[in-house]
Amino acid sequence: MIRAENLSKIYGNNELRVTALDNVSISINDGDFIAIVGSSGAGKSTLLYQLSFLDEPSSGELFFLNEQTSHLNQTQKARLRLNELGYVFQDYALLPELSSIDNVALPMLMQGMKTSLALYKSKQALQRVGLAEKTANFPSQLSGGQQQRVAIARAIAHDPHVIFADEPTANLDSASGRLVMDAFVELNKEGQTIVMVTHEEEYANYAKRIVTMKDGRIVLDSMR
Ligand SMILES: Nc1ncnc2c1ncn2[C@@H]1O[C@H](COP(=O)(O)OP(=O)(O)OP(=O)(O)O)[C@@H](O)[C@H]1O
Ligand SMILES: [Mg+2]
């Protein structure tokens, strides 16, 4: 689905030069549930950002559905991110003045989808993460774990090929974190491909495939 060949990412220059990603090759396959693990500074977020087209690698090639992507311009990449991929961040990034369903619908409305269809898809997505009863709640009326599940609903509502999550449980207590992971497991069972960064082993164990990074390289890639 997404294939990376010899990706490198170098920040800064001269004595401030940091090789955050060092010749990494990896394939994300249909149906994968991947946890990217490793210590702080290992390059986990950097890898996720390159694989999800949020950033530009310094060198290497990324293939999306077997097509080379280096020739895509910024507009085409933005379209790919909006239409084909989904993102979950650790701070949820919900708009406080919008209800759950409106938060989920907003990106699709901005893409020009008809309101009735966007609301229908949003309701379905909220159902899939166990929040059917909370469609009218505002973020301030939800727990952290529920807010993160709204963010997951927003990431999946447009049926993306892959959803990417960087430390989605970082701001949650362990009970809420487990509920978020349960939602990922359910979505993955339904066929959703997921790539998640975490530094907590407990959460990595929900994934089916664990990619371990060290010093900008993948040192282990194993199925559980
Ligand atoms: N924008 C940047 N400018 C300069 N160096 C950066 C930048 N982003 C990351 N780095 C460096 O690249 C390396 C990898 O960082 P990255 O954020 O990918 O690590 P990580 O594995 O996600 O760590 P953490 O678990 O702390 O989030 C680190 O040495 C970091 O300091
Ligand atoms: Mg990180």
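Just so you know, these numbers use all the heavy atoms, side chains as well, and skip hydrogens, waters and symmetry mates. One is the number of the first residue; the rest follow in order along the sequence. We count ligands from 1, going down the list as the structure has it; atoms in each ligand are counted the same way.
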Any atom of ligand 1 sitting under 4.0 Å from a heavy atom of Ala42?
yes
Under 4.0 Å from a heavy atom of Ser40: which atoms of ligand 1 are those, numbered in the order shown and with their elements?
23 (O), 24 (P), 25 (O), 26 (O)
Any Lys/Arg nitrogen of Glu61 or Arg3 sitting under 4.0 Å from an Asp/Glu carboxylate oxygen of the other?
no
Here the atoms of ligand 1 under 4.0 Å from any heavy atom belonging to Val18 are 11 (C), 12 (O), 29 (O)
Looking only at protein heavy atoms, which one is nearest to atom 17 (O) of ligand 1, and what is the separation?
Ser45 CB, 3.8 Å
Which ligand 1 atoms are under 4.0 Å away from a heavy-atom of Ser39?
21 (O)
Test item: protein heavy atom less than 4.0 Å from atom 31 (O) of ligand 1:
no
To the nearest 0.5 Å, what is the distance between CD on Gln141 and NZ on Lys134?
9.0 Å
In terms of ring plane angle, is the pair His161 and Phe64 parallel, tilted or perpendicular, where the classes change at 30° and 60°?
perpendicular
Can you give me the closest heavy-atom contact between Leu109 and Ala118, atom names plus distance?
CD2-CB, 3.7 Å
With heavy atoms under 4.0 Å as the rule, classify the contact between Thr46 and ligand 1 as side chain, backbone, both or neither.
both
Euclidean distance, Leu179 CG relative to Thr169 OG1, rounded to 0.5 Å
12.0 Å
Spatial distance of atom CG (Asn29) from atom NZ (Lys208) [nearest 0.5 Å]:
10.5 Å
Protein heavy atom at shortest distance from atom 9 (C) of ligand 1
Tyr11 CE1, 3.3 Å
Below 4.0 angstrom, N of the basic side chain to O of the carboxylate: do Lys44 and Asp166 qualify?
no
How close does the nearest protein non-hydrogen atom get to atom 25 (O) of ligand 1, and which residue and atom is it?
Lys44 NZ, 2.7 Å
Under 2.8 Å from the Mg ion (ligand 2), can any N, O or S atom of Ser45 be found?
yes
Using a strict 4.0 Å threshold on nitrogen-to-oxygen distance, state whether Glu186 and Arg128 make a salt bridge.
no
What residue and heavy atom of the protein are closest to atom 12 (O) of ligand 1, and at what distance?
Ala20 CB, 3.2 Å
Polar contact flag for Gly41 and ligand 1 (N/O pairs, less than 3.5 Å)
yes
